[in-house]
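Below: one structure, written as structure tokens.
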Amino acid sequence: MAKRIQFNRHGGPEVLEYGDYQPAAPGPHEVRVQNKAIGLNFIDTYFRSGLYTPPALPSSLGTEGAGVVEAVGSAVEGFAVGDRVAYATGPLGAYSELHVLPADKLVHLPQTISFEQAAAVMLKGLTVQYLLRQTYEIKGGETILFHAAAGGVGSFACQWAKALGVKLIGTVSSAEKAARAMAQGAWATIDYSHENVAQRVLELTDGAKCPVVYDGVGKDTWETSLDCVAPRGLLVSFGNASGAVSGVNLGILAQKGSLYVTRPTLAGYANTSTRLQAMADELFGMIASGALQVEISNRYALQDAAAAQIALSARQTTGSTILLP
Ligand SMILES: NC(=O)c1ccc[n+]([C@@H]2O[C@H](COP(=O)([O-])OP(=O)(O)OC[C@H]3O[C@@H](n4cnc5c(N)ncnc54)[C@H](OP(=O)(O)O)[C@@H]3O)[C@@H](O)[C@H]2O)c1
């Protein structure tokens, strides 16, 4: 038996239960990982609330973790018992002591990166890799807008943008978060709790607006984001922290300047082991060079996952939060 977080019905953090379960034996192409640290991500709250649908109820939760391979399936190649590994996609169940997942969702973890750092950076860092380097290949000198710049994904985006010579304008909801985003490498911040974002973007870009806007906030910022994209530019809508964007009339893209919009996912970009490894190699390279610092802002015991989710949803966290089994 092992311990995990599970839920029997959708709802608020109170539906999360910490209890015993019987971990499965790995199938032929699967690996069982003994988690040493687990990443907390906004997507976990979507599966809990029912915005996203888990395969079945009761369900386990979480897609990001780091640990040691504890058992391997008969057909697995490239991973052996005792290997240090990390993962950011795959089946739900990272909020656990032991997690079974397909071997092609794993990457080997360099000795220089601790389990805690890996759990803090895998999902968020790989997301920033594809957002800044694949969805739109940013060039140095460009000015971009990135919402929730002091958050988990946002903190890594600030650092990566700076390393690329990109001027990142970050939105934040407080002076403390503005200071954090600037310390992480943002070029400017806008406090969207009281400033007019579109107006400030016009001022900061001398009227040009941004070739690309990254929006993980969703419902509350959708229209403002469109107003910040330069003609024929791209809006990357990659999350729903304030609720999902729905009921979009495509004509709005014409009205706002012949814009493009995409709704990408990490799973869609890291959809083969080759692609996942290449993205992880670049991420680990950024960490090794010192361009990306992996700080853990908040730590919770796994059994306190509900409290961690309350803090994340209440906008009380900055940077990365991890859970410790
Ligand atoms: N598509 C993908 O591949 C992918 C991958 C990873 C993450 N994401 C998305 O990226 C976003 C950030 O994820 P994260 O895990 O790093 O979270 P996070 O940024 O640490 O937390 C979310 C932040 O969103 C801001 N926010 C604005 N309105 C909010 C509201 N009504 N409720 C709660 N927060 C609100 C808050 O920052 P302020 O207080 O400064 O506003 C909050 O701190 C999420 O939408 C997530 O789903 C998408």
Side-chain angles (χ1 to χ4, degrees), residues 12-13 38-49 51-52 61-64 88-90 94 119-135 145-160 169-182 184 186 189-195 197 213-222 224-225 235-245 261-271 275-276 279 283 294-298 308-323:
I38 298 150
L40 179 82
N41 292 285
F42 229 92
I43 192 172
D44 308 339
T45 70
Y46 307 150
F47 279 110
R48 188 209 69 223
S49 70
L51 179 65
Y52 292 177
L61 197 58
T63 53
E64 179 181 38
T89 60
V121 76
M122 272 297 284
L123 196 151
K124 300 167 191 73
L126 290 175
T127 298
V128 173
Q129 194 286 334
Y130 86 72
L131 289 176
L132 302 194
R133 305 271 297 131
Q134 299 188 61
T135 307
L145 181 67
F146 205 106
H147 286 300
V153 176
S155 293
F156 292 122
C158 289
Q159 295 184 56
W160 206 312
I169 303 171
T171 63
V172 291
S173 66
S174 69
E176 294 74 25
K177 288 188 176 186
R180 180 185 166 92
M182 292 301 287
Q184 297 283 316
T189 59
I190 302 173
D191 187 334
Y192 51 7
S193 68
H194 65 268
E195 290 186 279
V197 175
V213 170
Y214 294 99
D215 188 342
V217 171
K219 194 171 138 202
D220 288 357
T221 44
W222 162 252
T224 298
S225 290
L235 172 57
V236 184
S237 177
F238 69 98
N240 323 292
S242 67
V245 177
V261 65
T262 183
R263 177 60 177 89
T265 65
L266 174 57
Y269 276 80
N271 64 336
R275 289 184 63 94
L276 170 63
M279 291 165 68
L283 173 63
V294 184
E295 279 176 34
I296 298 138
S297 305
N298 320 277
Q309 289 200 355
I310 289 169
L312 183 66
S313 298
R315 307 163 80 155
Q316 288 164 358
T317 60
T318 54
S320 295
T321 300
I322 60 167
L323 307 173

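As the structure is a prediction and not an experimental result, all values here were calculated from the model. In listed order, ligands and their atoms are each counted from 1.
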Per the under 4.0 Å non-hydrogen criterion, ligand 1 touches N41, F42, Y46, L123, T127, Y130, A148, G151, G152, V153, V172, S173, K177, Y192, G216, V217, F238, G239, N240, A241, S242, R263, P264, T265, L266, L312, S313, R315
In terms of the angle between their ring planes, are H147 and Y192 parallel, tilted or perpendicular, with boundaries placed at 30° and 60°? parallel
Taken in chain and number order and not counting sequence neighbours, the residues that satisfy side chain to side chain donor-acceptor pair (under 3.5 Å) with D44 are Y95
Paired with Y269, the side-chain hydrogen bond (donor to acceptor under 3.5 Å, both in side chains) test is passed by just one of T135, T127, T89, namely T135
Less than 6.0 angstrom separating the ring centers of F238 and F146, yes or no? yes
Is it the case that the side chains of T317 and N298 hold a donor-acceptor pair, with the cut-off being a distance below 3.5 Å and no angle test? no
When rounded to the nearest 0.5 Å, the distance separating CZ of R263 from CG of L235 is 11.0 Å
